[in-house]
Amino acid sequence: MELVVALGLIVFKVALLIAILLLLPLPLTWLERKVAGHMQQRMGPMRVGWHGLLQPVADGIKLLTKEDHIPAEADRFLFKLAPILALAPPFVVFVAVPFGESVSVLGTEITLYVSNMNVALLFVFAVIGIEVYGVIFGGWAANSKYAVLGSLRTCAQMISYEIPMGFAVIGVVMLAQSMSLLEIVRAQADVWNIVYQPVGFFVFFVAGLAESQRIPFDLAEAEGDLGAGFHTEYSGIRFAFFMVSEYAIMLLTSVLAVILFFGGWNGVLVPLPPLLWFVLKVAFFVYVFIWFRFTFPRYRYDQLMAIGWKVLLPLSMANIIITGVAFL
Amino acid sequence: MSRALDRTGIWIGWAFFADLANALALTFGYMFSRPVTMQYPDKEKWLPYSRYRGHHFLKRDDEGEIKCVACELCARICPCYCIEVIPYEDEKGNRHPAKFEIDMARCLFCGLCEDACPADAIALGQQYEFSSFSSRDLVIGRDDLLGKPGKAATGGGVVSARLNTEQDVLVETSEPQGYNWWRNIRRT
């Protein structure tokens with residue numbers, strides 16, 4: 001009986017997680033367009049629903065009812081596989097991400113995470129690395145020069161930025177003496193990691209921007225000089241898959257930044273429920289992502305590579321060394 | 001000395017992303033500024049500028065008779081030949097147009113007809129909403145032209161849009177000069 005309850009709980013949590021992650025892009029696209037509009041002294045969507053709140057729903061209906069077009073020369077199997085490969089990893093990663101300690105519902109303690117892996121951080125980085133296959137396959141299978149160019153750029157970008165990102169979090173792991181995200185947050189109960197690891201956070205955040213392919217590193221879909229990057233030939237629901245995946249990665253980067261460097265659900269000064277603290281911090285980072293997008297221009301491709309290999313990588317290594325020396 | 005100091009200051013600023021921070025502060029400030037968007041035609045409409053050249057209208061004199069004397073100067077001067085006038089003589093012996101048609105699909109709103117008219121009978125008014133699904137509907141006859149709104153100075157207003165709006169759209173008439181959208185642009 002206990003096993004059934006435990007299993008049911010896990011299934012329920014996973015279902016809830018998937019539902020939240022699938023629905024979150026709706027308010028996020030709305031927010032993005034609103035913020036964009038107001039930063040440019042426009043209003044953003046206003047016509048569908050109150051202040052355009054139903055605009056994402058309208059967009060969703062539009063994407064669902066559009067023709068699902070597959071180019072004649074495309075590799076049909078890979079073409080269909082790529083959006084799923086791009087979409088699944090960001091969802092899988094959230095299995096290892098804790099959102100809080102636990103809440104008691106009807107007398108039973110329910111933990112706010114699906115699993116407490118002791119190598120959660122490794123799991124996150126390993127699984128998120130799979131997403132690059134979706135990009136490669138998507139660009140290659142479409143058999144279009146713009147898509148291939150876009151996917152080549154994206155691959156190079158994602159692979160070269162995963163390295164400094166991985167190095168940047170080692171300092172955090174050293175401080176917490178654990179790779180479990182839960183332990184990392186518990187270790188920050190008194191002082192957040194941002195105090196000890198400002199350089200680590202900087203490297204992590206910049207690499208995170210590049211990982212989620214947002215401005216100033218959105219070379220994958222540079223509207224001006226490539227068609228639309230690796231998803232040039234995608235339309236309808238498959239294109240929506242790529243978009244959802246992009247937003248999920250943006251969310252994941254925000255969540256990881258909060259967990260690793262900003263104390264997770266530990267609050268300061270104001271006593272709020274831990275979950276609310278967590279959500280507020282993540283929302284702030286999501287806003288920062290959007291804010292960056294409508295502030296900065298795009299880096300050139302050689303600049304992107306130079307920043308990744310010549311700035312972020314040495315910085316992250318120096319960070320590891322200094323943290324290690326300080327530990328001794 | 002000071003230039004060297006300036007340069008080091010700039011370098012220190014770059015190292016700590018002072019320029020990026022400035023940019024972020026600027027966009028953040030703009031986010032809370034008033035949008036310049038006028039929500040046409042859902043929420044608001046505005047009078048065009050007082051010298052705006054919109055839809056043509058024909059004038060009547062004090063007796064209510066059409067001012068036009070059908071001299072066809074407007075048709076002659078029109079660069080796109082969109083005016084067609086056929087004159088007739090009424091019982092008092094005055095010349096008037098029997099047919100006065102403007103093809104709005106071809107008109108380029110240069111206002112030359114207004115300048116050429118010796119009888120001050122035709123002018124370009126304030127109406128700017130007359131799009132149509134058929135170019136045939138854009139050929140406007142004499143009687144329609146007599147009913148069109150006039151200039152802002154003579155009380156010409158904007159008639160309601162043909163789009164279905166939820167509530168009646170108000171025209172703001174407190175400003176005779178029309179809406180200056182550029183007034184609301186923030187300059188730094």
Side-chain angles (χ1 to χ4, degrees), chain A residues 30-55 58 194 198-199 201-207 209-210 214-217 283-299 303-304 306-307 310-312 314-315 318, chain B residues 7-8 10-46 48-49 128-129 131 158 160-172 175 178-188:
Chain A
W30 178 82
L31 187 76
E32 181 145 26
R33 291 175 67 173
K34 272 293 181 194
V35 170
H38 283 279
M39 278 181 182
Q40 295 160 0
Q41 292 199 311
R42 299 182 288 112
M43 285 177 153
M46 288 295 283
R47 300 193 74 154
V48 192
W50 185 81
H51 277 250
L53 262 177
L54 294 177
Q55 185 70 45
I194 181 74
V199 178
F201 169 70
F202 169 75
V203 173
F204 177 85
F205 191 69
V206 174
L209 275 175
R214 304 277 302 184
I215 281 178
F217 304 108
F284 170 76
F285 274 99
V286 168
Y287 175 76
V288 167
F289 268 80
I290 297 172
W291 187 10
F292 273 29
R293 174 164 176 189
F294 296 102
T295 303
F296 297 141
R298 183 184 306 126
Y299 277 110
Q303 289 172 332
L304 172 94
I307 291 170
K310 294 182 189 164
V311 180
L312 292 188
L315 263 182
Chain B
R7 205 168 289 168
T8 35
I10 287 170
W11 273 103
I12 292 170
W14 274 348
F16 288 95
F17 304 103
D19 44 351
L20 298 190
N22 276 342
L24 285 172
L26 186 77
T27 43
F28 193 73
Y30 264 98
M31 216 188 103
F32 297 103
S33 62
R34 193 166 155 260
V36 292
T37 312
M38 298 275 292
Q39 293 182 65
Y40 171 90
D42 289 355
K43 297 257 172 64
E44 49 205 333
K45 287 187 180 181
W46 60 98
Y49 197 65
Y128 53 89
E129 292 168 318
S131 55
V158 178
S160 64
R162 282 167 201 172
L163 283 164
N164 288 322
T165 46
E166 279 164 31
Q167 60 261 36
D168 282 345
V169 176
L170 287 176
V171 180
E172 201 179 312
E175 287 180 54
Y179 174 63
N180 286 334
W181 59 271
W182 54 87
R183 191 189 48 205
N184 291 328
I185 290 188
R186 209 180 79 169
R187 291 185 177 84
T188 47

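By convention in this document, chain letters (A, B, ...) are assigned in the order of the sequence lines, proteins followed by strands, and residues within each chain are numbered from 1.
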What part of B/Phe28 lies closer than 4.5 angstrom to a heavy atom of chain A: side chain, backbone, both or neither? both
So does A/Phe284 have more than 12 non-hydrogen atoms from other groups sitting under 6.0 Å from CZ? no
If I take atom CE from residue A/Met43 and atom CZ from residue B/Arg34, how far apart are they, to the nearest 0.5 angstrom? 8.0 Å
Where do B/Tyr30 and A/Met39 come nearest, in terms of heavy atoms and distance? CB-O, 3.5 Å
dist A/Phe292:CZ -> B/Thr27:OG1 (nearest 0.5 Å) comes out at 9.5 Å
At a 4.5 Å cut-off on heavy atoms, which part of A/Phe294 comes close to chain B: side chain, backbone, both, or neither? backbone
Between B/Pro35 and A/Arg42, which heavy-atom pair has the shortest distance, and what is it? CB-O, 3.5 Å
Measure centre to centre between the rings of A/Phe202 and B/Phe17, then say whether the value is under 6.0 Å. yes
